[in-house]
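Here is the structure we will look at.
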Amino acid sequence: MSANTEPTTTDTPPFRYTSALAQDIELRWQDWWAEHGTFETPNPSGPLGDPELAAARGDKLFVLDMFPYPSGTGLHVGHPLGFIGTDVYARFKRMTGHNVLHTMGFDAFGLPAEQFAVETGQHPRITTEQNVATYRRQLRRLGLAHDPRRSISTTDPHYYRWTQWIFSQIFNAWLDPESGTARPISELVAEFESGARPTPDGRPWAMIPADERQQVIDDHRLAYVSDAPVNWCPGLGTVVANEEVTADGRSDRGNFPVFKRNMRQWMMRITAYADRLIDDLELLDWTDAIKTMQRNWIGRSTGANVHFGSPAGDITVFTTRPDTLFGATFMVLAPEHPFVDVLTTAEQAHAVADYRRQSSAKNEIDRTDDTREKTGVFTGSFAVNPLTGTQIPVWIADYVLMGYGTGAIMAVPCGDQRDFEFARKFGLDIPAIQRPPAAWLEDHGIDPDDPAALDTAAWPTSYVGDAPYVNSANDGLDLNGITNKADGIAKTNVWLEANGKGEATITYKLRDWLFSRQRYWGEPFPVVYDSNGFPHTLPDDLLPVELPETDSFSPRTFDADDEFSNPESPLDRLVDWVEVELDLGDGPQKYRRDTNVMPQWAGSCWYQLRYLDPTNDVAFVDPAVEAYWTGPRPELRPDHPGGVDLYVGGVEHAVLHLLYARFWHKVLYDLGHLSSKEPYARLFNQGYILAAAYKDEREVYVDAFSVEQRDGEYFYDERPVTREYGKMGKSLKNAVSPDEMYDEYGADTLRLYEMATGPMDASRPWETRDVVGMYRFLQRLWRNMVDEETGDCTVVDTAADAGTLKLMHRTIDVVRTEMDALRFNTAIAKLIELNNAVTKLEATPREIAEPMVLMTAPLVPHMAEELWRKLGHSDTLTYHDFPVADPNHLVDDTIEYPVQVNGKVRGRIIVATDADPATIEAVALADDKVIAATDGKSPKKVIVVPGRMVNIVV
RNA sequence: GCCCCGGUAGCCCAACGGCAGAGGCAGCGGUCUCAAACACCGUCCAGUGUGGGUUCGAAUCCCACCCGGGGCACCA
């Protein structure tokens, strides 16, 4: 990139704010801050403790960025948008009386480093360390005010020792259904032993053989080994979690096909927390969008299980609308449902077998494409509707999914569109059980008063909603006339339970979290298996279980489409490591180590807690330190759950990291390790930096920086290409490195540009050519205080004129408000406005210069420190008080009012600020232009909005 | 199909229901320069996606629709 802002000739003044000077200032201050430990934040106690300093700094504030993954390509200018925003906010808060904790670590385990290792043979630790070093250099160059002592890496054994410890806590806990909270597993065993809690099959605990007892215990754990359908991804050589599978059945990393397979894997019992994960969203200051995504993912449905008698035994269905049971005229089972074999009659055997073969050959995408016409076949058998006693046919169809609910539904065609379509297609009965509103009927061309309105043959669709029930009564239950479904549901549930035909229940879409990966570059499980195959966590004094050395990092690789391959962890091959002799309390015995590693999400489930107390080697965090930084704050809100005060990151982690981290946090809270119920009290989703990307005629992205624009068309290598905008990154070939910006403009300009282009939560395109605007602002600011020839400070000690003073106080007022609300773009606009006014003065008065420097400090800290020093101060301004506006300067003696006539501005009047409405009205009506505009007509009405305007209606 | 978010000047963005413009880029004119770049000074530019409604007054509130981005999706 050409450095066209570099001084290219000798006539550039030696102390002009050029990129070279910016570089000099920035590097100097970055060194100064590091030497002086400027951004070290005191804890209230412990190794990083300094209670006096913590108290002197003010109220605590914990500001957090989402944990970055240090990729091999380094940062591009899209990454630090959030980092700069939190830095500006944290710096502002330090100047307004807060003890601010802000640091950054690295989520450094993960697939890319491992894949690089597989390709090159270079150990992923080396790759990771190099990448982390690059990130640290680029982030330091940005001037972020992080406490460097608190930075951590998930790959550091001192860190993952505690990740393993937390795993052990989860493994050695169970969820007590009575209290709804996690408790130590030892308490469960004690209750079984004492008889306080009945065993699952009722036998006294002492009568149960040891290995069965072990199984009972293991079945209660919050981390457990399960033989269940999992997502097997041969392309990655590992299994992955539901959350990591995209809607079209592929891995979100690598985009490989994913297959459902039964395999023995570690699971986390996150479903036990489903209710609390939904309900506690109420306590969080998060956007509705993210809360909705979490609610949808957890997918809580309240309803009832209903049992239908059939030749194969009771078919249980889950329904959210038991009140519509009178309208259930057939049933549909998933083709894989275990009852299908028994229910299929000889005549239907052939059709059913055919259908099952067809549907099993379909992939997930085809099966869930709801534009597809309904298909299905009759099994030949009937079941009994428990409310009506009628025999209803049992069908199979692939629109019913085995993985949701019970894999069977009752079909109520008049009240469910899918069932309606199915019934229409196959000629099944569609009796009406609700009278739809007249408006609905009229909309569909049906006369509401016609007795035949309830003949569904005329209905174009099902009717879904509240409406009075009809045809809904049997000997013991009468819903007819009830108008809302809540009452109908409640009444039906009572009947079902009283008659043993069903029970109210709740289902969730959320599944337990698949927690093991057959990879190398992750946290080993702190688990060994005894000779009977039961897992045991290792005692704390054997932690960490360090990742063993090897030069074979690759899981066994498979063809991405080889569904029937089997995972094989790289650790499996390390026989000397796997086989181990230990004394776990009953004498030395041989054990086998678990050869899985944890998923990448493990390290990010609790990292913010380690920032609080990173050097603690007796606990993952000291309770007093945790309570200080993340304890509940009832003074803000009575139900404040505690947690990070401000968490900034992209929306892409809505159901992965944010759900997993909340789950771990709640377990640790239940077990008494934390005072906060939630990890992140306030979440702010930043937008993305987008950039133009160009595709050629093959739909392949071309290097965006080699594209030429001519006459509104775009060309790459003389071939036409099409432009689109996308998230900046390697894959779109449109990434701009911050290093280029440091060279051409300096870090302060880059920071300012990123903050000025829009509000923090908005995505916006990057335009390198726009950056110069902020550079010019900084040059003017510099020139207003520094002689470009000599470098001397030109600020004068004479008083400022009233107009400038007033403008400054108004600027202070707005900048304070806007920075506090994370609206840095508008704060910057006001600072530019003030600076532009100061530019017009003969000289800059000190009483203007100093507040201006302090106000810009959070945004452009290097330049602000340099100017502060030139203004004669000897210390950093990091902890200097932010300017406060003098309210006397915020009001004028007089106000100009626009005067509207019939809503159009026709004149302007100037009146005293404290003038009463009658006076304002009189002045307005006397104005020449107003008289001309009203054309002598007498006003019908005069509206005077004090402080705003006057409107005359004629 | 459903749920979020957003459409204001050529571009990025501002505007407690009250004069559509704070700021930046680009453009145009000028100063500086042998010339240019940089820098500086000045200046042009829209009636707010569309159609209704509420109101004295709507970018702002309500309804419907269109466009863009994101999420969810035979979830019973």
- Query: Is NZ or CZ of A:Lys374 both nearer than 6.0 Å to the six-membered ring centre of A:Tyr399 and within 45° of the ring axis?
  - Reply: yes
- Task: Output the residues of residues 316-325 of chain A in contact with RNA chain B, where contact means a heavy atom of the residue under 4.0 Å from an atom of the strand; sort by number or write none.
- Result: A:Phe318, A:Thr319, A:Thr320
- Item | Phosphate-side-chain proximity, A:Arg776 and B:rC25, N/O vs OP1/OP2 below 4.0 Å | yes
- Task: Output the single nucleotide from B:rC72, B:rA26, B:rG42 whose closest atom is nearest the side chain of A:Lys840.
- Result: B:rG42
Can you tabulate the close N/O pairs, meaning under 3.5 Å, that link protein atoms to atoms of nucleotides 53-57 of chain B?
from: B:rC56; atom 1: O2'; to: A:Asn951; atom 2: ND2; distance (Å): 3.4
from: B:rC56; atom 1: O2; to: A:Asn951; atom 2: ND2; distance (Å): 2.4

- Query: Is there a donor on the side chain of A:Arg764 or the base of B:rC13 sitting less than 3.5 Å from an acceptor on the other?
  - Reply: no
- Taking atom C1' of B:rC25 as reference, at what distance in whole Å does atom OH of A:Tyr775 sit? 17 Å
- Evaluation steps, side-chain hydrogen bond (donor to acceptor under 3.5 Å, both in side chains), between A:Glu243 and A:Trp297: CA-CA 9 Å; A:Glu243 291 79 7; A:Trp297 188 261; 2.9 Å; yes
- Any side-chain N or O of A:Arg418 less than 4.0 Å from the OP1 or OP2 oxygen of B:rC75? yes
- Message: To the nearest 0.5 Å, what is the distance between CG on A:Asp419 and CD1 on A:Ile430?
- Response: 9.5 Å
- Item | Any-strand Watson-Crick or G-U partner of B:rC44, both distances under 3.5 Å | none
- Item | Integer angstrom distance from the C1' of B:rU8 to that of B:rA58 | 14 Å
- Pairing partner of B:rA64, by Watson-Crick or G-U wobble and under 3.5 Å for both distances, is B:rU50
- Message: Distance check, P atoms only: B:rG7 and B:rU43, in whole angstrom units.
- Response: 29 Å
- Item | N or O in side chain of A:Asn836 less than 4.0 angstrom from B:rA22 OP1/OP2 | no
